[in-house]
Amino acid sequence: MTHRNIYFTLPVSAAAVIAVSGGCSGSTAQQEKPNVILIYVDDMGYSDTGTYGGSFAQTPNIDRIGREGIVFRQYYTACPISSPSRVGVTTGMYPTQWGITTFLNTRKANRENESEDFLAPDAPTLARALKREGYSTAHFGKWHMGGGRDVTGEPQITEYGFDEYSSTWESPDPDPLLTAGDWIWSDRDSIKRWERTAYFVDKTLDFLSRHKDRPCYINLWPDDMHTPYVPSEEAYLKGEDNNRYWDRQVNFTPVLSELDRQIGRLLDGLDSLGIDDNTIIIFTSDNGPNPSYRNSRTAGLRGQKATLYEGGIRMPFLVRWPEKIKPGHVNDSTVMCSIDLFPTVCSLTGCEAWSGEYRLDGQDMSRAVLGDSTVRRSGPLFWEFGKKAVGKPLPARNAWNTRSPNICMREGDWKLLINYDGTGAELYNMGKDMYESENLAPEYPEITRKMSRDAIAWFNSSYRKYAGSRNGDAGTPDADGIRASGEKVWKGTEILDIRFGDPFILAASDGRYYMYGTGGVRDGFGCYVSDNLKDWEFLGQVYRGNTPESWTKANFWAPEVYERDGRYYMFFSADWKENPSGELENFRIGVAVADSPSGPFRD
């Protein structure tokens, strides 16, 4: 396989950086605050790199970050899957509070997962906090906190505190060079799958070269090491059956090598710009690997991506800052989490950890980053993932390794896993059994009971706490239902985040309120129910139109429901098209009837 040095059409390429390096050192001296680059790799296993025992490929450049800085061996991500993990590191808060429960998908899938379509723009962000202190900010790489698929109305990346961005398909405004098709990648992309990390590194170096008079904060979030593994043009051109190998180790290994090579280009570029000493580089991953190759990518830790076992949430974590961090330090004892990065980076840079009206869940671990291994957490850590799977049959294969309870708590050396309904308690001692091979719950019932109470109480108080749409809770209103800003929290579309139109509310004889409308269902109407007109629960689709096969498109809208003699009558408008030109025609008024306000309504 051959490697090409790829330099894209940017104002300053990695090659040109060397030419301008002589002009940077003076302005760098005027800049006291450090630059910060957060390298957030996608789906990297705990032991993919040499630093953590990996032997898939040599990773000298990634290893160099730890060798010339500090290595942490008990660092965790906030969630074992993409979107909520990214929300955690961005906000410094548990992602479940923002209603980001799993990877963001289609609107229908998000609703089924009790998830929002995007991170609320008023959530605190590290970028916004640093920008308030004079930082120039940029995001280059995967976003996955809103946008893509059929989601509309999502905030732009700039609304979260970033001055510039270039992002992939799962974002509000994908880079057209990366998104020729309507999917994560395409063979028609101008920047090929195997060229993306180089492209993002070039973007990073260019941004730094153009803002050398100010400190910079940059998200460098590559697609690697997420499948498909397409390491080169030669690999792609092997033939139509090549995609059979796109999750195999034969392709994984060169992709890992290329990621490491690009990290080396980044390090060399910082040195050429004269800003190497005063740049903090943080290297970690969003969640565990998939595939794990029989846990060889997790150093034998149980679990993988999408589980709360160690293989899904324990991540590599390397920090390099030549000006402040002595090289060669390894911290085996301090327990850290991605939610800590917000307050920690702010402390390291001398900035206020500004979070507006919200309280950060993360803790300032700057002393540990600077080399103090005696630092301990002041309280427990919590996780939530997989509520939808609770109570469902376990996978037929490898359930022990691929399905965990949906709540997790770590306090000291004790780690508890339990389902939100109180079932499935598992207790492990991380100091003695990091591989989670012996469930100690039967042996330590008091510890299990106490941690179970605490974990479930945390879940009940945190789950979708600040979510604004899926369950109709747009925040915590005062007695008049008005936020401090004067914004009413139950305005139609605001409750349901533009997924519910033409709302009609029926005050039924059972004392409850039923809201009927369009959105989130196909060819018909959905229904929400409430006891107080503030908190709404989605009941699902209550009416589906009887559309003939000849109808190529159908619209149902403007439902109104009336109760009479113990029955419920729904009147609505409908139109459809069946003519060759595809124009809408055949406008009609329809009626359906049900015995209950929750349906089902039938023609």
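Just so you know, residue 1 is the first one in the sequence shown, and it goes up from there.
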> Got a sec, which residues hit side chain to side chain contact (heavy atoms under 4.5 Å, CB included) with T402, two or more places apart in sequence or on another chain?
Replying inline: Q304, P395, N398
> Who pairs with E310 by salt bridge (charged side-chain N to carboxylate O under 4.0 Å, His left out), at least two apart in sequence or on another chain?
Replying inline: R314, K415
>> Checking W354 now: which residues fulfil ring-ring contact (aromatic ring centres under 6.0 Å, His included) with it, not counting sequence neighbours?
In response: none
>> Using ring centroids (six-membered ring only for Trp), state whether F140 and F200 fall under 6.0 Å.
In response: no
>> According to side chain to side chain contact (heavy atoms under 4.5 Å, CB included), who are the partners of R397, at least two apart in sequence or on a separate chain?
In response: none
>> My understanding is that only residues two or more places apart in sequence, or in another chain, count here; which of them pass salt bridge (charged side-chain N to carboxylate O under 4.0 Å, His left out) with D413?
In response: R410
> Can you pull the side-chain hydrogen bond (donor to acceptor under 3.5 Å, both in side chains) pairs that have at least one residue in residues 336-349, sequence neighbours excluded?
Replying inline: D340-R377, S347-D364, S347-S366
>> Enumerate the ring pair (Phe, Tyr, Trp, His ring centres under 6.0 Å) contacts for residues 360-408, please, sequence neighbours excluded, ordered by first and then second residue.
In response: Y76-W383, F382-W458
> Which pairs pass salt bridge (Lys or Arg N to Asp or Glu O under 4.0 Å) with one or both residues in residues 288-298, sequence neighbours excluded?
Replying inline: D48-R297
> Taking only residues at least two apart or on different chains, which pairs with a member in residues 276-315 satisfy ring pair (Phe, Tyr, Trp, His ring centres under 6.0 Å)?
Replying inline: F252-Y293
>> Show every ring pair (Phe, Tyr, Trp, His ring centres under 6.0 Å) that has at least one partner inside residues 423-447, sequence neighbours left out.
In response: W414-Y444
> Taking only residues two or more places apart in sequence, or in another chain, which ones meet T125 in a side chain to side chain donor-acceptor pair (under 3.5 Å)?
Replying inline: none
> Who are the salt bridge (charged side-chain N to carboxylate O under 4.0 Å, His left out) partners of R86, not counting sequence neighbours?
Replying inline: D42, D286
